[in-house]
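Letters go in sequence order (proteins before strands), and every chain restarts at 1.
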Amino acid sequence: MVEPQASVERLERLTGMLRRRGIILPAFEIHGGAKGLYDFGPVGGRLRSKVQSVWRDHWLSQGDVVEISCPTVTPFAVLEASGHVAEFSDFMTVCTACDEASRADTLLEAHHANPDALSLSDLQALLDDVQPPCPACGEASWSPVAAENLMFDTVIGAGSSGRAAFLRPETAQGMFTTYPAIYRHFRERLPFGAMQLGRGYRNEISPRQGMIRLREFNMAELEYFIDPETEAPHDLSPWASTEVQLVPAEGDAFAASIPTALAQGVILHPTVAWFMARTHDLMLALGVDAEKLRFRQHARDEMAHYALDCWDVELHGSYGWIECVGIAHRGCYDLEAHEKATGQRLRAWRNYPEPKVVEINGWTIDGAKAGPAFRALAGQVKSKVEALGPEASFPLTVVLDGGEEVLVEEEHVKRVQRTETVAGEWFIPHVVEPAFGIDRIIWHLLDHAYEESGSGEEMYVRMRLHPDVAPVDAAVLPLFEKEGMDTMASEVHRRLCGTRGVLASYDGSGSIGRRYARADEIGVPCCLTVDHTSLEDGTVTWRDRDTGEQTRMSVDDAVRRLAAP
RNA sequence: GCGCACAUGAUCUAGUGGUUAUGAUACGAGGUUCCCAACCUCGUUACCCGAGUUCGAGUCUCGGUGUGCGCACCA
């Protein structure tokens, strides 16, 4: 994508300002820097935490969502169960003629139905066998296949007793591995959600585009557990008149309300629609420009194989349209995978409308006799016997799965004949997951808010950040640092900083205009100026960042306005 | 990972092997100023890292690191 020169220059001025003012900086710069790692600086730190607060409050307000926090260091087995060990590994091989690196499975696509699923040794064997030509130079001479895992690996514990582990590539697994506690917390009633804000790690081969592709990043994910057989109760009527841009997997982009798109069958599931609508609200509450937001549906072949529907929120900025949120219906994939790997029950209970009466009529073993007789095979004998109908008669020769034949005598078995009432069943909940890339969202908030006016030497910069995410809430400025104005301004500053949820800065140097400009550049929503009148009657002027308008008010009123929730 | 280009104060930048390395902005101290980057004086800060060539390297060579772009990759 070739961006016009003007927008490249704007991007350079923006990133330069973000560094200079301590919002976003390359990490470890004094040591030469490190690719794909960024710091939020003295101003950016609070920007991030305010964005996270808005995110947290938005979802908690739903009432059926809890916040958890899980370790980033994650045992091998967890990510093996989730499929990440397999999914995050690419098997690479390098052409010895031209040094072009290729994925071994891609080279072998014509020779195997699903080379992605092959193990390293199978891939190596097939590669040696097929000798595919290099797509770059045509030679067929490949280095040994090597796994490139995109997860950072580490070891829990020292020496030979250490356990293999990874830094998590996503926070989601924590919501699945703590599912039993969440289910208990919600008194065993669906639907409910769990979410966490935290760091994720991906050892990207080639991080690019500033904040867009990072090796360590802030993410925020919510897993919403639902009963696939219960109709979703979401009320989408508040969004009926809000049009959004939609790019469906099939056909052209169009604008429609989310309930309409659901009714048309473009959005495939009501809970996905619900989270799209709620996410849209959240994005606007954070200050995203509605014109630079669209929903894009994943094509079939782009979705993970288990996903039932997936929509990204893409935001438009200096790097084009960038995926910032993914809203995916993941079916029962994750809980089922962990259940299989651990044998733990990760299910919910559903009562039948009417209890079912089940006739049990057949045979089982008499443990006291059959146990000693069959010893290690007793378990297998039991399941074979219980599979027999009531008409079976003993002695009877039973063939076990291993091929062994055992003679089951009449004394080994007992007749079973009873009726049972079954009130319901265990099932694996489905899950809808909105996953947010916090850094990418923050980038776009800055990109959308950054406004230049004038040009050249005259250029004026204003960050029109939403007050809920602005890193500094107010700047306190003495008109001059003398005659007691500085003392009074310091008092106002201290009082504001002592007010919960308020952070103010004090700036007494340079002309008043210069100080307004400094505040505007990092998006401080208002400046409170202490002037001569202030000394007489205890008022200050409140200057609005976006309009430049000034209002005189008492210090008490100013504090109250800033402290308002 | 490959290829091309680039790397000089906080930011942007001048500098074709030879004095004390430009300039602007920003920042700090003081002055001035009754509200939008004004002005005056003074001040602080830089050649990405490491080897090499050379009497001498910011400048040339090699390697590393970082940044941008293209290819590849991107749960």
Side-chain angles (χ1 to χ4, degrees), chain A residues 1-3 8-9 11-13 15-22 25-37 41 79 82-90 92-95 98-103 106 135-137 146 148-151 168-170 172-173 200-210 212-215 219 302-307 310 322-323 326 328 330 435 454 456-462 477-483 485 509-521 527-535 540-543 545 548-550 552:
Chain A
M1 141 200 37
V2 178
E3 294 293 327
V8 170
E9 285 169 6
L11 174 59
E12 282 169 0
R13 288 189 298 270
T15 51
M17 186 277 281
L18 295 176
R19 294 169 65 153
R20 184 163 37 82
R21 297 303 307 272
L25 313 90
F28 312 118
E29 220 181 355
I30 61 168
H31 286 277
K35 266 186 184 180
L37 300 175
L79 292 158
S82 68
H84 285 91
V85 172
E87 283 292 314
F88 266 65
S89 287
D90 287 333
M92 305 298 292
T93 179
V94 176
C95 174
C98 73
D99 281 340
E100 178 79 5
S102 295
R103 281 176 55 171
T106 312
C137 71
E148 300 267 342
N149 199 294
L150 296 178
M151 293 191 288
R168 64 183 178 192
E170 60 174 29
Q173 296 311 316
Y201 303 82
R202 267 195 266 159
N203 205 354
E204 293 284 357
I205 293 169
S206 175
R208 286 282 169 85
Q209 298 179 304
I212 303 299
R213 278 176 67 193
L214 300 173
R215 288 193 165 127
M219 52 197 319
E302 183 183 3
M303 267 191 282
H305 60 277
Y306 48 82
C310 186
I322 298 291
E323 168 196 350
R330 298 173 65 96
E457 294 290 292
E458 304 291 301
M459 184 173 290
Y460 196 89
V461 168
R462 205 187 306 268
L477 319 173
L479 188 57
F480 303 107
E481 270 191 312
K482 57 185 183 186
E483 295 167 32
M485 283 180 271
S509 79
S511 72
I512 191 73
R514 173 181 298 260
R515 285 177 275 157
Y516 286 147
R518 277 200 282 249
D520 288 342
E521 190 175 47
C527 293
L528 306 183
T529 303
V530 173
D531 57 15
H532 291 90
T533 314
S534 308
L535 300 175
V540 292
T541 61
W542 170 299
R543 171 199 178 261
R545 175 194 66 200
E549 277 170 22
Q550 291 188 37
R552 186 166 284 281

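The A/E204 side chain lies nearest to B/C74 when the options are B/A10, B/A72, B/C74. Among B/G1, B/G28, B/U11, the nucleotide with an atom closest to any side-chain atom of A/R208 is B/G1.
Remark: of the listed residues A/R213, A/K35, A/R215, A/R213 is the sole one forming a salt bridge (charged side-chain N to carboxylate O under 4.0 Å, His left out) with A/E204.
Between A/I322 atom CD1 and B/C74 atom C1' the separation is 11 Å, expressed in whole Å. Look at CZ on A/R20: it is 9 Å from C1' on B/U25, rounded to the nearest Å. Between A/L11 atom CG and B/U11 atom P there is a gap of 16 Å when expressed in whole angstrom units.
The nearest heavy atom of RNA chain B to A/R19 and to A/G510 marks one nucleotide each, and the one closer to the 5' end goes with A/R19.
By the side-chain contact (heavy atoms from CB on, under 4.5 Å) test, A/T541 is found to be paired with A/T529, A/D531, A/Q550, A/R552, residues two or more places apart in sequence or in another chain being considered.
Heavy atoms from other residues, nucleotides or ligands lying under 6.0 Å from CZ of A/F28 number 12 at most.
No side-chain donor-acceptor contact under 3.5 Å links A/R514 to the backbone of A/S509. A donor-acceptor pair under 3.5 Å is formed between the side chain of A/R515 and the backbone N or O of A/G510.
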*Summary of protein contacts for nucleotides 33-40 of chain B, nucleotide by nucleotide, where a base hit scores B, a sugar-phosphate-only hit scores S (4.0 Å, heavy atoms)*: BBBBBS--
